[in-house]
Amino acid sequence: MKKNQIPVYYGEYLQLDKLLSAQQTESAKYGPAAHDETLFIIVHQVYELWFKQILHELSTVIDIFSQAKVDDRDLTVVVHRLKRVVSIQRLLNDQISIIETMTPQDFLSFRDYLVPASGFQSIQFKILEISLGLKTQYRIDFDKQSFFKRLNDPDRIFLQQLEQKPSLFELVEKWLERMPFLSFGDFEFWQYYQSATEKMLNSDSEIINANPTLTDAEKQVELKDLANTRSSFSALFDDEIYAQLQAVDQVRLSRQAMLSALFIQQYSEEPIFNLAHQFITCLTDIDENLTIWRYRHAMMVQRMLGSKIGTGGSSGHEYLKRTTESNRIFKDFFNMATFLLPKSALPALPQHVIKNLGFYSI
């Protein structure tokens, strides 16, 4: 049953007159329009439309995690909306193959008319990065110096104010810190965990030493890596060692948040942890898709420009390549796999522990 009093028509509803007249080529101002500039404009306009939808979804997630408590129903909504974000990201990554149908010479036919326009100036993408948790102090040096440059004053002020608000990373960290996964009364999970990891690491050491295919030098390399892994495990239970890892940017999550996330992942198949596990997986997927997007963008730029500088003043491909690995947000969730034990090595959760672990009670 219709609810509108005034008829709605497709073209008017979508404002297609505005949308389809927004592809104005710069090259046409100086002579014949470069054919592929229209493709270039449309691809980037579509990116911005999808950025708008991602921010629409992300804003509701941030609102939910800004509350004093997050119950299962809230978490269901969050997981659903973040899965939508992940689907959009995959589409955006696939879209790069469309722009790669341009040859380098096709791009050069209009590129020099676009100075100093650059993807640096995408306000929505900057909002997305900041909202997720990529604030100035976590960026590469070039970004720290240039992030707020080439912006008008209202946009610069807005982004600087946004950096003062809690990001999704910070809100998730606090949510994990509130979870009652660190003390279980008579159930000494973390004591069991330390014993099991020590047994696992000792077994790995024996395997390395007994491996007849390794030379002594190769064994030393393997044992050194194992020693580093052992140190990482030790840091989970030592505030001072963990703080040292944070100081050199090896980890970003607080130790308490890391332990809670690790416990969720260890028991991800337990019904009570499944939504939280899906949520952490969504954040991991978002970080992974952002990394893939940066990598594919870097490869595309190298393909189109070689070693030329970008129109925004960066080193082009080299800059993008550095951001691929450096501008990560939820990297701790990837590295957490280091600390996972085989399910066969985990103790069953006692019923009284299961009853006491409810997200509604946080």
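- Defined by atom type and a distance below 3.5 Å, a donor-acceptor pair is missing between the side-chain atoms of Gln23 and Thr38.
- For the side chain to side chain contact (heavy atoms under 4.5 Å, CB included) with Ile88, the lone residue among Val85, Leu92, Val86 that qualifies is Leu92.
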Discussion item. side-chain contact (heavy atoms from CB on, under 4.5 Å), that's the test. Do Tyr295 and Leu290 meet it? Break it down for me.
Written reply: CA-CA 9 Å; Tyr295 175 78; Leu290 269 174; over 6 Å; no

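- When all heavy atoms of Glu100 and Met304 are compared, the pair lying nearest together is CA-CE, 4.1 Å.
- Of the inter-residue distances, the one linking Phe169 atom CZ with Ile130 atom CD1 reads 16.0 Å to the nearest 0.5 angstrom.
- Aromatic pair Phe273/Phe263: centroids less than 6.0 angstrom apart.
- Here the side chain of Ser122 pairs no donor or acceptor atom with the backbone of Gly119 at under 3.5 angstrom.
- Considering every non-hydrogen atom in both Asn274 and Ser268, the closest pair reads ND2-O, 3.6 Å.
- With hydrogens and angles disregarded, no donor-acceptor distance shorter than 3.5 Å links the side chain of Ser195 to the backbone of Tyr192.
- With hydrogens and angles ignored, the 3.5 Å screen pairs no side-chain donor or acceptor of Asp106 with any backbone N or O of Asp36.
- Gln53 and Glu57 share a side-chain donor-acceptor pair at under 3.5 Å.
- By the 6.0 Å and 45° rule, Arg303 does not stack over the aromatic ring of Phe107.
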- Task: Apply side-chain contact (heavy atoms from CB on, under 4.5 Å) to the pair Ile208 and Leu226, showing each step before the final yes or no.
- Result: CA-CA 10 Å; Ile208 293 171; Leu226 184 62; 4.2 Å; yes

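- Of the possible donor and acceptor atoms, one in the side chain of Asn202 sits under 3.5 Å from a partner among the backbone N and O of Glu198.
- Contact check for Ile329 versus Tyr138: no side-chain heavy atoms found under the 4.5 Å cut-off.
- Gln67 and Arg178 make their closest contact through O-NH2, 4.2 Å (heavy atoms, listed as atom of the first residue, atom of the second, distance).
- Taken from CD1 in Ile264 to CG in Leu176, the straight-line distance is 5.5 Å, to the nearest 0.5 Å.
- Donor-acceptor pairing under 3.5 Å is lacking for the side chains of Glu177 and Ser260.
- No donor-acceptor pair closer than 3.5 Å links the side chain of Gln265 to the backbone N or O of Leu340.
- Annotation for Lys174: atom NZ does not count as buried by contact number, only 12 or fewer foreign heavy atoms lying within 6.0 Å.
- A distance of 12.5 Å separates CZ of Phe330 from OG1 of Thr281, quoted to the nearest 0.5 Å.
- Residues Phe158 and Ile127 meet the side-chain proximity criterion, which asks for heavy atoms closer than 4.5 Å.
- At least one side-chain heavy atom of Leu223 sits under 4.5 Å from a side-chain heavy atom of Ser205.
- A donor atom on one side chain and an acceptor atom on the other are found under 3.5 Å apart for Lys83 and Gln278.
- Applying the 6.0 Å contact sphere to CZ of Phe237 captures more than 12 heavy atoms from other residues, nucleotides or ligands.
- Using a cutoff of 4.0 Å between basic side-chain nitrogens and carboxylate oxygens, Asp287 and Lys331 are not scored as salt-bridged.
- Counting heavy atoms from C-beta on, the side chains of Thr197 and Leu341 come closer than 4.5 Å.
- One hydrophobic cluster, built from ILVMFWY side chains closer than 4.5 Å, cannot hold both Ile292 and Trp50; they sit in different ones.
- Linking Ile, Leu, Val, Met, Phe, Trp and Tyr whenever their side-chain heavy atoms come within less than 4.5 Å puts Leu114 and Leu39 in one cluster.
- Annotation: side chain of Ile280 is not in contact with side chain of His277 (no heavy-atom distance under 4.5 Å).
- Scanning both residues, Asp332 and Leu253, for their nearest heavy atoms gives OD2-N, 2.6 Å.
- Put simply, the side chain of Phe110 reaches to within 4.5 Å of the side chain of Met102, judged on heavy atoms.
- In this structure a side-chain-to-backbone donor-acceptor pair under 3.5 Å is missing from Ser203 to Lys199.
- Under 3.5 Å, the side chains of Glu48 and Gln124 contain a donor-acceptor pair of N or O atoms.
- Atom CG of Leu132 is separated from atom CZ of Arg328 by 13.0 Å, given to the nearest 0.5 angstrom.
- Arg255 places no side-chain N or O within 3.5 Å of a backbone atom of Tyr242 that could act as its donor or acceptor partner.
- Counting heavy atoms from C-beta outward, Thr291 and Arg294 have side chains that stay 4.5 Å or more apart.
- Ser131 approaches Leu58 most closely through the heavy-atom pair CB-CD2, 3.9 Å.
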- request: Begin from the C-alpha positions of Ile54 and Arg84 and carry the test side-chain contact (heavy atoms from CB on, under 4.5 Å) through to its verdict.
  value: CA-CA 8 Å; Ile54 289 175; Arg84 179 180 294 162; over 6 Å; no

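- A salt bridge does not link Glu222 to Lys219: none of the charged nitrogens lies less than 4.0 Å from a carboxylate oxygen.
- Surrounding CG of Asp216 are at most 12 heavy atoms belonging to other residues, nucleotides or ligands under 6.0 Å away.
- Checked by atom type and distance alone, the side chain of Gln250 never pairs as donor or acceptor with a backbone atom of Gln244 at under 3.5 Å.
- Leu162 and Leu151 end up in the same hydrophobic cluster when Ile, Leu, Val, Met, Phe, Trp and Tyr side chains are linked at under 4.5 Å.
- For the pair Tyr193/Leu236, a side-chain contact is recorded, criterion being any heavy-atom separation below 4.5 Å from C-beta on.
- Rounded to the nearest 0.5 Å, atoms CE (Met258) and CZ (Phe333) are 8.0 Å apart.
- Counting only distance, with no hydrogens or angles, the side chain of Glu173 and the backbone of Ser254 share a donor-acceptor pair below 3.5 Å.
- With Glu129 contributing its side chain and Lys135 its backbone, the two residues share no donor-acceptor pair below 3.5 Å.
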*In sequence, state the C-alpha distance, the side-chain angles, and the governing distance for Val221 and Leu214, and then conclude on side-chain contact (heavy atoms from CB on, under 4.5 Å).*
CA-CA 10 Å; Val221 171; Leu214 295 177; over 6 Å; no

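- Both Val43 and Leu128 belong to a single network of hydrophobic side chains, linked directly or stepwise wherever heavy atoms of I, L, V, M, F, W or Y lie under 4.5 Å apart.
- In this pair, Phe279 and Phe65 present their aromatic rings parallel. The plane angle is below 30°, not in the 30 to 60° band.
- Within 6.0 Å of atom NZ in Lys29, 12 or fewer heavy atoms from other residues, nucleotides or ligands are found, so the atom counts as exposed in its surroundings.
- No continuous path of hydrophobic side-chain contacts links Ile41 to Ile98 [ILVMFWY only; heavy atoms under 4.5 Å].
- Considering all non-hydrogen atoms of both residues, Lys165 and Glu170 come closest at O-OE1, 3.7 Å.
- To the nearest 0.5 angstrom, Gln161 atom CD is 9.0 Å from Gln164 atom CD.
- The number of heavy atoms from other shown groups lying within 6.0 Å of CH2 (Trp293) is above 12.
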